[in-house]
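Notes follow the structure.
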Amino acid sequence: MSPLKNDRFLRALLRQPVDVTPVWMMRQAGRYLPEYRATRQLAGDFMALCKNHDLACEVTLQPLERYPLDAAILFSDILTIPDAMGLGLYFETGEGPRFKKNVRTEADVQALPIPNAESDLGYVMNAVKTIRGALNGRVPLIGFSGSPWTLATYMIEGGSSRDFRAAKNMMYQQPQVLHQLLDKLALSIIDYLNAQIRAGAQAVQIFDSWGGALSAAAYQEFSLAYMQKIVDGLIKEHDGRQVPVILFTKGGGLWLESMANTGAQALGLDWTIDIGAARHRVGSKVALQGNMDPSVLYGSPTRIREEVANILASFGRGEGHVMNLGHGIDQFTNPEHAGAFIDAVHELSAKYHQ
């Protein structure tokens, strides 16, 4: 495959020198872009878009045509694994993801197959290969998965939840059943992410979207322990390069030290923690990714620039910072404001790397 023309994202994750702070945005290929909405309409529905490798490639590249981003992220969904386990993923308009079947009993868990990533999720690998080819070394490609705990919440609840009542009921009434489910998911995710790496993903991120809903003890037992298992099981080098792993627990600012001890190269931060304080706590153990509140993009370009300056100043001089939003970009964001964010990062960060 083509050599990388811009590797500052990978270098920052490994805490190596860069010229400016690299930047990408979670959900950067999404509904805030009119060109994405047009392609999604052409596909028919969200999963059809995910499963068509040419269209998945097209929407992955759309934000790179608009903005000087330092990484592309595979266009897919975190719920592909539960779908491959036979739960029947579908999307209700205005409701988010739903499953035709949910997982509530030990028998339900035991009946779940561990998917073969290459065959059962081959459409994802086809998308990775197609995107890598189309990028032609322009920027690195990020692969990803949901965390075991996050996937389990959707599978147990049957979709999105505000209080995770069914999942927490299982946690406290039948913890051994939840552990069986999480273990199956961890094994599935290891296979899935390794297949993405072999197909061409140059870094991977684990999205623990709902880890912050857990108590401190429950987080260690039911979320972090299984992310640790995944980090241990991932391919460490491919194509002559280290493959960095980013752990992102939304609401996980309380547990950064534990997350930094997993062996992951970087931690994603949401906007509820000061990045300078986070850097002080984890020291030189990991890089940090984040962490502007996506709502700042509703502000004026001047206000966006101020916030970028504040975050860069808080992190300070030196390596190991990837600028990002603290969560996915909102669908109602003005695309020009996203551009102002990215330009400000590159322009204002150079002085921190001299």
Side-chain angles (χ1 to χ4, degrees), residues 2 4-10 12-13 18 20-43 46 48-50 52-78 124 127-144 196 200-205 207 246 248 268 289-299 301 304-305 307-308 311 322-347 349:
S2 303
L4 267 175
K5 301 175 183 75
N6 172 0
D7 68 348
R8 60 169 73 109
F9 166 72
L10 296 179
L13 291 179
V18 289
V20 295
T21 301
V23 57
W24 68 281
M25 299 182 295
M26 288 184 275
R27 220 182 285 141
Q28 64 190 23
R31 288 178 289 178
Y32 74 106
L33 291 177
E35 56 267 40
Y36 168 85
R37 296 195 296 271
T39 308
R40 178 167 168 168
Q41 191 168 14
L42 181 69
F46 179 77
L49 182 53
C50 290
N52 182 317
H53 59 89
D54 288 322
L55 293 181
C57 176
E58 184 180 316
V59 295
T60 298
L61 297 183
Q62 283 170 350
L64 275 77
E65 297 305 318
R66 271 190 182 254
Y67 312 120
L69 291 154
D70 295 300
I73 183 165
L74 163 70
F75 183 81
S76 188
D77 192 83
I78 63 168
V124 177
V128 173
K129 291 171 188 168
T130 304
I131 295 161
R132 266 300 298 272
L135 283 170
N136 194 30
R138 186 170 168 182
V139 293
L141 176 61
I142 306 164
F144 71 91
Q196 289 184 36
Q202 291 149 293
V204 292
Q205 176 156 316
F207 284 87
I246 307 162
F248 174 60
Q289 178 178 277
N291 60 334
M292 193 171 86
D293 182 349
S295 300
V296 174
L297 295 179
Y298 295 143
I304 293 164
R305 192 178 170 87
E307 195 68 16
V308 167
I311 292 167
V322 173
M323 181 68 90
N324 206 316
L325 304 174
H327 201 241
I329 185 169
D330 186 82
Q331 63 172 306
F332 302 110
T333 301
N334 181 335
E336 290 184 11
H337 290 197
F341 165 63
I342 293 154
D343 290 343
V345 173
H346 285 151
E347 187 183 333
S349 64

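These values consider heavy atoms only, across backbone and side chains, with no hydrogens, waters or symmetry-generated copies. Remember, predicted model here, so these are calculated numbers, not experimental data.
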Rounded at 0.5 Å granularity, tell me how far [atom1] in [X] sits from [atom2] in [Y].
{"X": "Q331", "Y": "Y36", "atom1": "CD", "atom2": "OH", "value": "10.0 Å"}
{"X": "I304", "Y": "N334", "atom1": "CD1", "atom2": "CG", "value": "8.0 Å"}
{"X": "L69", "Y": "N324", "atom1": "CG", "atom2": "CG", "value": "9.5 Å"}
{"X": "T60", "Y": "I131", "atom1": "OG1", "atom2": "CD1", "value": "3.5 Å"}
{"X": "E65", "Y": "E58", "atom1": "CD", "atom2": "CD", "value": "10.0 Å"}
{"X": "L297", "Y": "D330", "atom1": "CG", "atom2": "CG", "value": "9.0 Å"}

Problem set entry | ring-ring contact (aromatic ring centres under 6.0 Å, His included) partners of Y67, counting only residues at least two apart | none
Exercise. Residues in ring-ring contact (aromatic ring centres under 6.0 Å, His included) with F46, at least two apart?
Worked result: F75, F91
Can you name the closest pair of heavy atoms from [X] and [Y] and give their distance?
{"X": "S349", "Y": "V345", "value": "OG-O, 2.6 Å"}
{"X": "A340", "Y": "P301", "value": "CB-CB, 4.0 Å"}
{"X": "L61", "Y": "A134", "value": "CD1-CB, 3.6 Å"}
{"X": "F248", "Y": "Q205", "value": "CB-NE2, 3.8 Å"}
{"X": "A12", "Y": "V18", "value": "N-CG1, 4.0 Å"}
{"X": "M292", "Y": "V308", "value": "SD-CG2, 4.2 Å"}

Exercise. Under the 3.5 angstrom rule, does the side chain of H337 hit a backbone N or O of G299 as a donor-acceptor pair?
Worked result: yes
Exercise. Quick check: does any side chain N or O of N6 sit under 3.5 Å from a backbone N or O of R8, one acting as donor and the other as acceptor?
Worked result: yes
Problem set entry | Any residue meeting salt bridge (charged side-chain N to carboxylate O under 4.0 Å, His left out) with E336, in chain and number order, not counting sequence neighbours | none
Are the side chains of [X] and [Y] in touch, meaning some heavy atoms are under 4.5 Å apart?
{"X": "L135", "Y": "L64", "value": "yes"}
{"X": "H346", "Y": "D70", "value": "yes"}
{"X": "K129", "Y": "H53", "value": "no"}
{"X": "L4", "Y": "F9", "value": "no"}

Would you give me the side-chain donor-acceptor pairs under 3.5 Å for residues 22-34, sequence neighbours excluded?
| from | atom 1 | to | atom 2 | distance (Å) |
| --- | --- | --- | --- | --- |
| W24 | NE1 | Q289 | OE1 | 3.0 |
| R27 | NH1 | I329 | O | 3.3 |
| Q28 | OE1 | M25 | N | 2.9 |
| Q28 | NE2 | A71 | O | 3.0 |
| Y32 | OH | Q28 | O | 2.7 |

Seminar exercise, completed: The side chain to side chain donor-acceptor pair (under 3.5 Å) partners of R40 (sequence neighbours excluded) come to none
Problem set entry | Contacts of Q41 that satisfy side chain to side chain donor-acceptor pair (under 3.5 Å) - sequence neighbours left out | none
